[in-house]
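These notes are about the structure you will find just below.
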Amino acid sequence: MFVLGARLRQTLHDCPGALAAAQASLKKDAAVLQAMATEGDAELELGNVKGAATAFAALETAAPGAPVTARLSRLAYIQGDTESAVSLA
């Protein structure tokens with residue numbers, strides 16, 4: 001239930017609410033991939049680049065693939081590393 005609420009809040013641009021819901025979901029089960037993704041997305045939108053990097057690293061370890069690579073590319077771009085961003089894209 002928390003994961004669905006987190007994604008809904010993210011869709012509505014309620015990033016603080018999405019982050020809180022994702023973190024609540026992760027407290028119940030740290031392996032929920034959608035909660036990891038939402039946590040990272042919300043952290044990035046809120047300007048917490050370190051928090052986003054941590055969440056995306058955990059997500060990449062748990063489930064590497066295109067959705068994570070796209071997030072890592074965006075993160076690299078925001079950090080000013082356009083070379084890595086382009087190579088990941």
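- Atom CD of Gln34 and atom CG of Leu26 lie 10.5 Å apart (nearest 0.5 Å).
- Considering all non-hydrogen atoms of both residues, Ala52 and Gly40 come closest at CB-O, 3.5 Å.
- For the pairing with Phe56, the side-chain contact (heavy atoms from CB on, under 4.5 Å) check across Leu75, Thr69, Thr61 returns one residue only, Leu75.
- Contact between Ala22 and Ala35 at its shortest, heavy atoms only, is CB-O, 3.6 Å.
- Legend: salt bridge (charged side-chain N to carboxylate O under 4.0 Å, His left out) pairs involving residues 15-24, not counting sequence neighbours: none detected.
- Cluster membership check: Leu59 does not share its hydrophobic cluster with Val3, using side-chain heavy-atom separations under 4.5 Å among Ile, Leu, Val, Met, Phe, Trp and Tyr.
- Take Gln10 and apply the side chain to side chain contact (heavy atoms under 4.5 Å, CB included) test, not counting sequence neighbours, and it matches Arg7, Cys15, Ala18, Thr38, Asp41, Ala42, Glu45.
- Cluster membership for Ile78 and Val68, using ILVMFWY side-chain heavy atoms within less than 4.5 angstrom, is shared.
- Atom-to-atom distance recorded for Asp14:CG and Arg9:CZ is 6.5 Å, nearest 0.5 angstrom.
- Screening residues 78-89 for salt bridge (charged side-chain N to carboxylate O under 4.0 Å, His left out) gives no qualifying pairs among residues at least two apart or on separate chains.
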